Amino acid sequence: MGFFSWVRRVVDTGTTDVSTGWSLGGVLGAYGGVPDRAAPPQSSAELPAPLSAVRLGRWFTTHGYTHFVDNDGDVGGVWRGRLFYFFLFGEQGEILQVRGQWNREFAIERLPEVLEICNEWNAEKIWPKAYVRVRDDGMVHVASEVATDLEHGATDAQLGQLLHCGLSTASMFFDHLDDLYPDPAAAPP
């Protein structure tokens with residue numbers, strides 16, 4: 001019997017293979033794969049749960065992050081002087097999007113070079129997606145996004161990892177912009 005046939009049989013039956021004495025959870029669990037079925041989650045925090053603005057707010061409060069809820073019910077906050085929003089999209093609010101905005105803006109004349117910076121970042125990095133928006137006043141704002149479909153919910157640890165990923169990778173991109181375009185007001189005279 002081939003390995004994949006054995007895996008399908010063990011998964012379908014949920015039993016231990018009598019010829020080897022191995023369970024799928026025991027074999028793959030040692031390599032960070034499927035957890036052993038004999039070890040149920042220890043608490044409700046280890047079970048995937050649906051996303052909600054209330055759950056996001058509770059996570060921020062638990063971890064000591066200051067946040068707000070705007071008039072539309074969206075959760076936001078300021079990290080290192082940069083505005084972030086945590087949107088829930090989709091029919092059931094199952095898509096988490098961490099969207100950040102750089103704390104400064106560019107003149108419209110710099111649009112081609114800023115687009116090039118975003119394109120280079122997107123070509124070399126997985127996260128965050130970097131892009132620009134031209135506002136009605138002609139100023140260019142730079143934004144970032146990390147989006148994840150969580151149709152089946154997320155554990156508290158998974159949610160925390162995704163939120164940290166969105167914040168930290170966006171901060172790396174915005175720090176890159178700070179390095180390329182130092183704030184003259186931040187330098188001593």
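Computed from a prediction, not measured in an experiment: that's the story for all the values here. Excluded from the calculations below are hydrogen atoms, water molecules and symmetry mates; all remaining heavy atoms, backbone and side chain alike, are included.
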Closest contact, heavy atoms only, [X] versus [Y]:
| X | Y | result |
| --- | --- | --- |
| A154 | L159 | CB-N, 4.2 Å |
| G100 | F84 | CA-CD2, 3.5 Å |
| G77 | F86 | N-CE1, 4.3 Å |

From [X] atom [atom1] to [Y] atom [atom2], the distance as rounded to the nearest 0.5 Å:
| X | Y | atom1 | atom2 | answer |
| --- | --- | --- | --- | --- |
| T148 | W127 | OG1 | CH2 | 7.5 Å |
| H141 | Q101 | NE2 | CD | 6.0 Å |
| Y131 | E145 | OH | CD | 3.5 Å |
| S144 | R82 | OG | CZ | 9.5 Å |
| L56 | L163 | CG | CG | 6.0 Å |
| L51 | L96 | CG | CG | 6.0 Å |

Would you indicate whether the side-chain heavy atoms of [Y] and [X] approach each other to under 4.5 Å?
| X | Y | value |
| --- | --- | --- |
| R80 | S171 | yes |
| T169 | K125 | no |
| D183 | D178 | no |
| L111 | F106 | no |
| V134 | I108 | yes |
| V142 | C118 | yes |
| L83 | N103 | no |

Same cluster or not: are [X] and [Y] linked, directly or through other Ile, Leu, Val, Met, Phe, Trp or Tyr residues, by side-chain heavy atoms under 4.5 angstrom apart?
| X | Y | answer |
| --- | --- | --- |
| W121 | I117 | yes |
| V146 | L167 | no |
| Y65 | L162 | yes |

* W79 pairs by ring pair (Phe, Tyr, Trp, His ring centres under 6.0 Å) with which of Y85, F174, F60? -> F60
* Asked: Checking side chain to side chain donor-acceptor pair (under 3.5 Å) against Y181, which of E113, H176, R104 comes through?
  -> E113
* Would F173 and W102 count as a close aromatic pair, with their ring centres under 6.0 Å? -> no
* Are the ring centres of H67 and W59 closer than 6.0 Å? -> no
* Asked: Hey, does the side chain of D74 reach the backbone of F87 with a donor-acceptor pair shorter than 3.5 angstrom?
  -> no
* Asked: Under 3.5 Å, is there a donor-acceptor pair between the side chain of E109 and the main chain of A107?
  -> no
* For E120, does the CD atom have more than 12 heavy-atom neighbours from other residues, nucleotides or ligands under 6.0 Å away? -> yes
* **L180 atom CG: more than 12 heavy-atom contacts under 6.0 Å** => yes
